[in-house]
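Pasting a structure below so you can have a look.
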Amino acid sequence: MKNYNLILLGPAGSGKSTQADRLVKRFGLEHVDTGSLLRQAVETGSSFGQEIGHIINGRNALVPDVVIARILEEKIAQVPADRGIILDGAPRRLSQVPVVENVFRHTGRTLDATIFIHLSIVTAVERIRTRYHCTVCSSPLVLGRDIASVEDTCPVCGAPIAQREDDTPDGIRRRYEIFMNDTLPVIDHYRSSGRLIEVDGGNDPADIEREIAGYLEKGVFIPDVASGKA
Ligand code: AMP
């Protein structure tokens with residue numbers, strides 16, 4: 001088991017959750033999924049949750065940085081300091097870089113690497129179109145692979161299945177646009193630190209996992225091409 005503290009970024013549909021699950025198992029990390037923490041807040045039905053719901057599902061926009069600071073502090077403070085984390089989905093824009101740095105500092109963590117999974121919009125839209133999940137056991141279900149029709153129930157526990165409320169074609173396009181405008185500068189920021197691992201989300205998930213693990217275990221990261229630094 002390795003005590004890595006990682007950030008995982010990529011557009012919707014790039015396979016962040018799949019890789020997070022694999023790296024959690026491989027290295028014994030805790031998965032801190034920003035989007036999922038926000039959706040849990042929405043489900044509470046509190047006024048805080050309702051406000052978040054309007055932003056995520058109504059406007060397909062990013063929630064304010066103070067909200068991100070609050071939910072990440074609360075969650076990461078609960079993870080034992082000797083257990084590494086994989087922070088999925090933050091920082092999503094440059095103003096969140098110091099927010100995440102603060103949370104790491106308060107919880108005694110040092111960032112080891114940022115992983116960027118890239119994927120084209122065409123593949124992302126196609127993947128998300130077929131992306132369902134179980135409403136009870138949360139198993140991810142792919143139409144045409146795990147379920148034959150949207151009328152099916154969960155093959156794992158038999159409960160009803162659903163699609164995420166923001167996974168509409170417009171919602172996906174809007175989130176991809178935000179990714180290109182707001183999140184790519186964050187990736188450039190980590191690239192210039194020389195600790196960015198870049199992988200192709202179109203590859204086989206097992207190969208992507210091996211590639212990421214290889215970089216982490218060797219402590220060798222993608223060279224910063226612009227400055228020639230390794
Ligand atoms: P995701 O599950 O990563 O696709 O995130 C779902 C939605 O939650 C996004 O479209 C945003 O509206 C919101 N969200 C997730 N992470 C962040 C973040 N770091 N900053 C602001 N909004 C976020």
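A quick note: this is a predicted structure, and the numbers were derived from the prediction, not measured. As the structure lists them, so they are numbered: ligands from 1, and atoms in each ligand from 1.
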Check your understanding: Does NZ or CZ of Arg83 come closer than 6.0 Å to the centre of the six-membered ring of Phe27, within 45° of the ring's axis?
Key ->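 No; the conditions do not both hold, so Arg83 does not lie above the ring face of Phe27.
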Point to revise | Proximity flag Leu38 to ligand 1, non-hydrogen atoms under 4.0 Å | key: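 Yes.
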Exercise for review: Compute the shortest N/O to N/O distance between Ile56 and ligand 1 and return yes if it is under 3.5 Å, no if not.
Suggested key: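 By distance alone, the answer is no.
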Check your understanding: Taking the non-hydrogen atoms of Ala61, is any one of them nearer than 4.0 angstrom to ligand 1?
Key ->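 A heavy atom of Ala61 does come that close to ligand 1.
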Practice item. Would you check the N or O atoms of Lys16, main chain and side chain alike, for any that come under 3.5 Å of an N or O of ligand 1? Key: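 No; the residue has no nitrogen or oxygen that sits under 3.5 Å from a nitrogen or oxygen of the ligand.
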Check your understanding: For ligand 1, is there an N or O atom under 3.5 Å from any N or O atom of Gly35?
Key ->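 Between Gly35 and ligand 1, no N or O pair is found under 3.5 Å apart.
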Practice item. State the NE2-OG distance between His31 and Ser17, to the nearest 0.5 angstrom. Key: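 That separation rounds to 5.5 Å.
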Practice item. In plain terms, say whether Arg191 and Asp188 are close enough for a salt bridge, that is, a side-chain N and a carboxylate O under 4.0 Å apart. Key: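 A salt bridge is present here (some side-chain N lies under 4.0 Å from a carboxylate O).
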Point to revise | Nitrogen or oxygen atoms of Arg164 and ligand 1 under 3.5 Å apart | key: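 Yes, there is a polar N/O contact under 3.5 Å.
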**Study point:** Protein heavy atom at shortest distance from atom 20 (N) of ligand 1
**Key:**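 Ranked first by proximity to atom 20 (N) of ligand 1 is Gln96 NE2, 2.8 Å.
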Practice item. Determine, using the 4.5 Å side-chain heavy-atom cutoff (strictly less than), whether Ile55 and Leu62 are members of one ILVMFWY cluster. Key: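 No, it is not one cluster - the side chains of Ile55 and Leu62 are not joined through contacts under 4.5 Å.
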**Study point:** Flag if over 12 foreign heavy atoms under 6.0 Å of CD, Glu165
**Key:**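 Counting neighbours around CD of Glu165, 12 or fewer heavy atoms of other residues, nucleotides or ligands fall under 6.0 Å, so no.
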**Study point:** Residue and atom name of the nearest protein heavy atom (relative to atom 22 (N) of ligand 1), distance in Å to one decimal
**Key:**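 For this ligand atom, the closest protein heavy atom is Val63 N, 3.1 Å.
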Review point. Which heavy atom of the protein is the closest neighbour of atom 9 (C) of ligand 1, given with residue, atom name and distance?
Key: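 Ranking protein heavy atoms by distance from atom 9 (C) of ligand 1, first comes Arg92 NH2, 3.5 Å.
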Check your understanding: Hey, any chance Val103 and Leu94 share a hydrophobic cluster, counting ILVMFWY side chains that come within less than 4.5 Å of each other, even indirectly?
Key ->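 Same hydrophobic cluster.
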Point to revise | Polar contact flag for Arg39 and ligand 1 (N/O pairs, less than 3.5 Å) | key: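 The answer is yes, given that Arg39 and ligand 1 share an N or O pair closer than 3.5 Å.
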Review point. Just checking, is any N or O donor in the side chain of His118 or Asp200 under 3.5 Å from an acceptor N or O on the other one?
Key: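 No, because no side-chain N or O of His118 sits under 3.5 Å from a partner of the opposite role on Asp200.
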Exercise for review: Run the contact test for Ile68 against ligand 1 with a 4.0 Å cut-off on heavy atoms, strictly below, and give the result.
Suggested key: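 Yes, Ile68 has heavy atoms under 4.0 Å from ligand 1.
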Exercise for review: For Ala90, take its heavy atoms, then give the atoms of ligand 1 lying under 4.0 Å from any of them.
Suggested key: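 Listed by number with element: 19 (N).
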